[in-house]
Protein chains: 2
Amino acid sequence: MNVAADTPDQPTLYKRIRADIEKRILTGEWPPGHRIPFEHELVARYGCSRMTVNKALSELAQADLIERRRRAGSFVRRPQHQSAVLKIADIRAEITALGRGYGYELIGRKLRAATAADRARLGVKKAGKVVAITCRHSADSVPFAVEDRLIDLASVPDAATADFSGEPPGSWLLHHVPWTEAEHTISAIVADDRTAEALDIAVGAPCLVIDRYTWRSARTITAVRLLYPGDSHRLIARFKGG
Amino acid sequence: MNVAADTPDQPTLYKRIRADIEKRILTGEWPPGHRIPFEHELVARYGCSRMTVNKALSELAQADLIERRRRAGSFVRRPQHQSAVLKIADIRAEITALGRGYGYELIGRKLRAATAADRARLGVKKAGKVVAITCRHSADSVPFAVEDRLIDLASVPDAATADFSGEPPGSWLLHHVPWTEAEHTISAIVADDRTAEALDIAVGAPCLVIDRYTWRSARTITAVRLLYPGDSHRLIARFKGG
DNA sequence: AACGATTATATGTCTAGACATATAAGTCAA
DNA sequence: TTGACTTATATGTCTAGACATATAATCGTT
């Protein structure tokens with residue numbers, strides 16, 4: 001009954017069905033708009049029950065490779081082309097992955113009542129206290145990135161007493177505030193005097209900027225700006241689409 | 001039997017189970033490492049069959065919110081923190097989304113045998129022909145981005161005769177080569193003479209650079225470099241993690 | 001030709017079982 | 001204490017059905 005009973009079915013059947021279809025889509029054998037065989041046809045082809053086929057197709061639909069339409073069938077989707085997965089690694093992990101020695105240095109730390117600028121940056125309206133932190137990450141003692149961060153104490157009271165001289169605030173927050181959401185904005189600037197000195201680069205040299213705004217259940221946690229020397233740092237994003 | 005029989009079960013049951021668990025994770029009620037109720041416990045709680053619970057948990061595992069371990073149970077995962085979804089829209093879509101008028105201008109187009117530099121950029125070893133294109137995208141007649149592209153004719157023969165004077169090569173490729181994979185590298189540079197003139201910005205002004213390398217079934221299609229004025233362009237990436 | 005009602009059908013969800021399998025935990029011997 | 005063996009159990013996959021539902025296609029009427 002099973003057409004492929006002779007092949008070594010190491011992966012489970014539904015995974016094989018999913019891989020078979022994905023391959024045909026990715027190689028272009030089934031171009032966008034092509035109708036995939038109906039579930040009952042795949043049931044006949046693979047000699048399995050409908051639930052098994054359904055699981056394979058559901059996962060393909062979840063991955064946006066196909067679109068499923070009631071009564072009509074399942075169709076290969078037009079490539080999406082707009083979303084890529086961007087790896088924004090922890091800076092320490094990034095540096096150690098390069099086989100270089102990680103260094104961290106706290107430059108400044110202030111606890112203050114939120115100024116108007118602080119509130120705008122955090123996107124909060126109510127007055128409150130914040131911690132402002134400036135620090136530097138280095139690779140083999142060469143400046144790698146400078147970090148300028150604001151933490152909302154209303155959301156993370158523990159940050160008031162935390163000691164950031166030994167542990168970077170990003171890492172501290174990761175262990176104290178689980179499951180946040182964030183938005184990154186990537187842009188480019190040229191180094192001003194302060195930035196140039198902190199990164200040990202020339203004034204006017206290009207810098208890659210990552211602004212990260214983090215919240216948790218609609219509550220602001222932290223806003224951070226990371227500045228990287230533009231000629232030495234790269235962000236990699238991969239995607240599947242068109 | 002169904003505990004929530006009184007609630008309006010608009011979404012299907014497995015979606016409600018998934019949403020219930022996701023909410024507890026995202027609010028921190030179930031922190032990383034916490035063991036989620038066993039499938040048989042959820043079966044009892046929701047009064048449904050195991051397959052329904054299993055579908056909910058499988059999707060949560062696929063989204064990396066939980067980790068499933070045989071014999072041990074399902075556990076809330078530590079936030080990932082490294083992957084964000086980056087929206088890299090089609091430039092025309094991006095400009096029209098801003099409510100501005102899109103303009104396109106072909107600056108140069110050459111068909112030539114691949115030089116050593118071309119082969120390095122495309123990541124191919126064999127000699128062959130390529131099309132090199134330089135063009136500019138503008139918003140309300142203001143330069144928005146300059147594009148410098150190489151297309152491998154061995155993979156896309158039609159590009160040899162395509163007319164790129166009216167249609168941007170990115171858009172043309174999208175309609176002629178379905179389902180590709182790509183890698184983006186984002187960096188920052190300062191504008192040199194040529195770039196400054198093309199973007200109508202000052203020499204030494206910061207530029208955001210996106211290098212996109214596209215392939216299809218292990219076959220190179222195109223390599224493109226997009227240069228944006230660094231102070232006016234922003235890339236946004238969203239993610240769920242820590 | 002245009003519109004409204006009916007029907008057929010592919011997907012969406014669910015059930016109540018089944019056996020496979022990895023592995024945590026317990027057992028026992030060296 | 002350690003290592004080898006056994007056992008219990010939670011997940012992984014699958015079946016052979018079922019009914020619900022959205023909608024493409026058909027039919028009938030104006």
Side-chain angles (χ1 to χ4, degrees), chain A residues 1-22 24-25 30 33-77, chain B residues 1-22 25 30 32-77:
Chain A
M1 191 64 78
N2 187 329
V3 162
D6 55 332
T7 69
D9 48 21
Q10 258 182 347
T12 56
L13 182 51
Y14 92 87
K15 282 182 181 167
R16 199 160 67 77
I17 297 174
R18 171 158 61 69
D20 282 356
I21 295 170
E22 187 169 344
R24 288 190 210 242
I25 293 174
W30 288 347
H34 177 91
R35 209 207 75 229
I36 284 182
F38 294 130
E39 290 190 352
H40 70 259
E41 293 176 298
L42 292 168
V43 162
R45 179 195 305 274
Y46 288 96
C48 62
S49 84
R50 215 191 111 210
M51 278 300 280
T52 302
V53 164
N54 185 279
K55 181 161 184 168
L57 294 181
S58 294
E59 289 193 4
L60 288 170
Q62 224 180 315
D64 268 339
L65 256 80
I66 66 171
E67 183 188 350
R68 314 202 71 200
R69 291 209 300 271
R70 274 184 145 119
R71 168 68 211 250
S74 301
F75 300 84
V76 178
R77 285 197 56 144
Chain B
M1 191 60 80
N2 188 331
V3 163
D6 54 331
T7 67
D9 48 22
Q10 256 182 350
T12 55
L13 181 53
Y14 92 87
K15 282 181 183 169
R16 199 159 68 76
I17 298 173
R18 171 159 61 70
D20 283 355
I21 295 170
E22 188 169 344
I25 294 173
W30 288 348
H34 177 90
R35 210 209 73 228
I36 284 183
F38 295 130
E39 290 191 353
H40 66 83
E41 293 175 297
L42 292 168
V43 161
R45 178 194 307 274
Y46 288 96
C48 62
S49 84
R50 213 191 113 213
M51 277 300 280
T52 303
V53 164
N54 185 278
K55 181 161 185 170
L57 294 181
S58 293
E59 289 194 4
L60 287 170
Q62 224 181 315
D64 268 339
L65 255 79
I66 67 171
E67 183 187 350
R68 315 202 70 197
R69 292 210 298 272
R70 274 187 146 117
R71 167 69 210 250
S74 302
F75 300 84
V76 177
R77 286 196 59 143

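Lettering follows sequence order; numbering is per chain, from 1. In this text, all values refer to a predicted model and were calculated from it rather than measured experimentally.
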*Check whether the side chain of A/R70 and the base of D/dT21 form a donor-acceptor pair under 3.5 Å.*
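Between D/dT21 and A/R70, which were checked side chain against base, a qualifying N/O pair under 3.5 Å is present.
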*Donor-acceptor pair under 3.5 Å, A/R71 side chain vs C/dA10 base*: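 A donor-acceptor contact between them is absent.
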_Nucleic acid contacts - residues 49-66 of chain B versus DNA chain D, non-hydrogen atoms under 4.0 Å_ =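 When residues 49-66 of chain B is checked for heavy atoms under 4.0 Å from DNA chain D, the hits, listed by number, are B/R50, B/M51, B/N54.
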Can you measure [X] atom [atom1] to [N] atom [atom2] for me and round it to whole angstrom units?
X	N	atom1	atom2	value
A/R18	D/dT13	CZ	C1'	13 Å
A/L13	C/dC19	CG	P	19 Å
B/H40	D/dA10	NE2	C1'	7 Å
A/E67	C/dT11	CD	P	13 Å
A/F75	D/dT23	CZ	P	13 Å

*Considering only heavy atoms from C-beta outward, does the side chain of A/N54 approach that of A/R68 to under 4.5 Å?*
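With C-beta onward as the side chain, the pair touches.
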*Is there a side-chain contact between A/T12 and A/T52 (heavy atoms, below 4.5 Å)?*
no
*Name all residues meeting the side chain to side chain donor-acceptor pair (under 3.5 Å) criterion together with A/R50; count only those two or more places apart in sequence or in a different chain, and write none if there are none.*
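A/R50 satisfies side chain to side chain donor-acceptor pair (under 3.5 Å) with A/E39 once adjacent residues are dropped.
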_Is there a side-chain contact between B/S74 and the phosphate of D/dA10, meaning an N or O under 4.0 Å from OP1 or OP2?_
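For D/dA10, OP1/OP2 do not have a side-chain N/O of B/S74 under 4.0 Å.
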